[in-house]
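Small disclaimer: the values here were computed from a predicted structure and weren't measured.
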Amino acid sequence: MAAFVDRVVVHVAAGNGGHGVASVHREKFKPLGGPDGGNGGNGGDVVLEVDPSVHTLLDFHHRPHQKAGNGRPGEGSNRHGARGEDRVLRVPAGTVVSTPDGRVVADLIGAGTRVVLAHGGKGGLGNAALANARRKAPGFALLGEPGEALDAVIELKSIADVGLVGFPSAGKSSLIAAMSAARPKIADYPFTTLVPNLGVVRAGDTVFTMADVPGLIPGASEGRGLGLEFLRHIERCAVLVHVVDMATMEPGRDPESDIEALQHELAQYRADLVDRLRVAVLNKVDVPDGRELVDLVREPLEQRGLQVFPLSAATGEGLRELGFALAAAVEEHRAALPEPEPVRVTLTPRAVDDSGFTVARDPEDDGVFVVRGVKPERWVRQTDFTNDEAVGFLADRLNRLGVEDALAEAGAEEGDTIVIGDVAFDFVPTLLAGTLSVEETAGLGGRGTDARIDAPHRVRAEERLAAKKARRVPYELSEAALPGTWTDDDLPQDD
């Protein structure tokens with residue numbers, strides 16, 4: 001039998017971005033064709049999507065690790081890498097996604113609703129995309145960024161207008177089977193219902209959904225029985241109906257004490273749920289002495305502000321009146337809901353003095369400065385530190401952003417440790433990145449340049465003709481001899 005799972009912890013990881021490639025175009029008769037390295041593809045995302053055909057989180061219980069595809073690296077001839085394949089996770093309607101510390105990330109309601117849980121890493125640029133007027137022949141490429149990885153708590157909270165609550169074997173499953181097309185398991189022993197059941201009920205022109213959750217017992221809010229696992233399925237219900245067993249033979253049980261015990265458990269779980277308990281159904285009035293017991297408990301329950309409906313799920317007595325009463329309560333709740341606010345896009349420009357990064361001294365070590373910011377940290381992740389030219393390119397970018405000036409203002413001196421992301425550097429303020437002295441100081445001989453590209457390499461026609469005539473001169477003749485200065489001794493002699 002398939003199990004029902006309504007709470008799982010999944011470990012998701014988006015795909016890594018593909019690396020860019022450093023390549024030079026090579027073709028016959030076209031030396032130094034220029035950089036043609038392609039960009040790496042972006043990593044795939046991990047996406048949650050509501051699927052009406054999915055009713056449980058069982059798949060994630062068996063496969064808690066979900067990973068998207070990585071982006072492909074770039075190739076020569078300006079061929080970009082393919083994007084990684086997205087990992088789409090199908091979830092039921094009413095799924096709530098939160099972080100392990102309880103912060104709600106998304107509440108998915110409605111078929112087709114999607115949310116990106118983890119974004120894929122950005123692909124690195126190839127050397128063709130890094131070339132410009134100053135850097136005509138980059139000998140490096142940028143690395144792809146790693147994708148996001150996180151743990152997420154996924155909970156299923158059923159979406160129903162009416163929730164049936166009560167003690168085990170009170171007849172909740174029989175009631176939802178009699179009022180809708182749902183066919184839950186029905187038997188004469190406690191805890192027959194182990195999973196929530198949903199049914200659609202029509203009363204006049206009103207259509208609403210009804211949920212049957214497993215029976216509650218005293219201590220359910222503390223983990224006894226099945227109550228703690230399934231109390232979450234009544235959080236969204238507009239109206240709660242307490243189904244009271246009028247034929248119970250257990251000692252110490254009566255309808256009024258059942259109501260008190262149920263209200264106590266709801267208040268312990270969530271205090272606002274008590275206000276939603278508005279209807280009391282006195283079920284099984286068709287049994288002996290059941291109808292006489294109704295007259296004894298009706299008045300105390302009505303004094304609690306509950307609407308009382310005696311009925312029999314087995315014979316159908318009283319079901320019509322209950323259906324119209326629940327429909328009226330549901331319509332009242334729907335009318336009281338606030339109208340959805342229109343979606344407004346707010347554009348907040350960046351402040352003039354916002355540099356996009358911060359510099360702070362490490363409180364544990366005075367000689368360590370930590371640079372934080374989206375751009376600096378991303379640039380560091382994209383840098384191949386085995387390539388001197390790539391490191392110099394990073395220095396140029398950081399200097400143009402103003403990181404070096406900010407470090408100097410913060411009191412950083414030569415030799416101090418600078419931490420950006422997961423990488424530590426030694427602060428060398430003499431490298432004035434962004435100027436011509438950068439290449440001279442770094443000893444790279446002109447980063448990203450190649451004199452052969454600027455030098456003319458096409459041979460002119462007159463040069464080719466002169467070379468052809470030079471090849472026709474006899475080998476024995478001296479290169480210094482000029483026409484008109486030959487003597488008889490220079491000519492070949494017959495034997």
Can you measure from [atom1] ([X]) to [atom2] ([Y]) and round to the nearest 0.5 angstrom?
X: Asp36; Y: Glu27; atom1: CG; atom2: CD; result: 10.5 Å
X: Asp416; Y: Asp362; atom1: CG; atom2: CG; result: 11.5 Å
X: Asp388; Y: Phe140; atom1: CG; atom2: CZ; result: 11.5 Å
X: Leu142; Y: Asp384; atom1: CG; atom2: CG; result: 9.5 Å
X: Leu89; Y: Gln66; atom1: CG; atom2: CD; result: 5.0 Å
X: Ile154; Y: His61; atom1: CD1; atom2: NE2; result: 13.5 Å

Heavy-atom closest contact ([X] atom, [Y] atom, distance):
X: Val104; Y: Ser98; answer: CA-CB, 3.9 Å
X: Gly15; Y: Lys67; answer: CA-NZ, 4.2 Å
X: Pro35; Y: Ala128; answer: O-CB, 3.8 Å
X: Ala406; Y: Phe357; answer: CB-CE1, 3.6 Å
X: Ala203; Y: Ala327; answer: CB-CB, 3.8 Å
X: Ala141; Y: Gly126; answer: CB-CA, 4.0 Å

### Task
Could you check Leu175 against Leu322 for side chain to side chain contact (heavy atoms under 4.5 Å, CB included), going step by step and ending with a plain yes or no?
CA-CA 11 Å; Leu175 181 59; Leu322 175 63; 4.2 Å; yes
In terms of heavy-atom contacts, does [atom1] of [X] have more than 12 from other residues, nucleotides or ligands at under 6.0 Å?
X: Arg334; atom1: CZ; result: yes
X: Arg72; atom1: CZ; result: no
X: Asp422; atom1: CG; result: no
X: Glu331; atom1: CD; result: yes

### Query
Is there a side chain to side chain contact (heavy atoms under 4.5 Å, CB included) between Leu394 and Phe425 once you walk through the steps?
CA-CA 12 Å; Leu394 173 63; Phe425 307 88; 4.1 Å; yes
Student check: side-chain heavy atoms of [X] and [Y] closer than 4.5 Å:
X: Met210; Y: Leu164; value: yes
X: Pro92; Y: Leu57; value: yes
X: Leu326; Y: Val201; value: no
X: Arg361; Y: Asp366; value: yes
X: Ile420; Y: Trp379; value: no
X: His62; Y: Leu58; value: yes
X: Val91; Y: Val54; value: no

### Message
For a side chain to side chain contact (heavy atoms under 4.5 Å, CB included) check, start with the C-alpha distance between Phe393 and Leu130, then their side-chain angles and the critical distance, and finish with the verdict.
### Response
CA-CA 10 Å; Phe393 178 67; Leu130 298 173; 4.2 Å; yes
Donor-acceptor contact present, side-chain [X] to main-chain [Y], <3.5 Å:
X: Arg372; Y: Thr358; answer: no
X: His19; Y: Gly144; answer: yes
X: Asn16; Y: Gly121; answer: no
X: Asp151; Y: Val9; answer: no

### Task
Evaluate the criterion side chain to side chain contact (heavy atoms under 4.5 Å, CB included) for residue pair Val115 and Val105; output intermediate values, then yes/no.
CA-CA 9 Å; Val115 63; Val105 176; 5.5 Å; no
### Task
Enumerate the residue pairs fulfilling side chain to side chain donor-acceptor pair (under 3.5 Å) with a member in residues 41-51, sequence neighbours excluded, ordered by first and then second residue.
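Qualifying pairs, neighbours excluded: Asp45-Arg83, Glu49-Arg90, Glu49-Arg114, Asp51-Ser53.
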Donor-acceptor contacts, no H, no angles, side chain residues 75-82, under 3.5 Å, sequence neighbours left out:
| from | atom 1 | to | atom 2 | distance (Å) |
| --- | --- | --- | --- | --- |
| Arg79 | NE | Gly76 | O | 2.9 |
| His80 | ND1 | Asn39 | N | 2.9 |

### Message
Please identify which of these residues, Asp405, Asn399, Leu407, meets the side chain to side chain contact (heavy atoms under 4.5 Å, CB included) condition with Val403.
### Response
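The passing option is Leu407.
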### Query
Are the aromatic ring centres of Phe427 and Phe369 under 6.0 angstrom apart?
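That pair fails the under 6.0 Å test.
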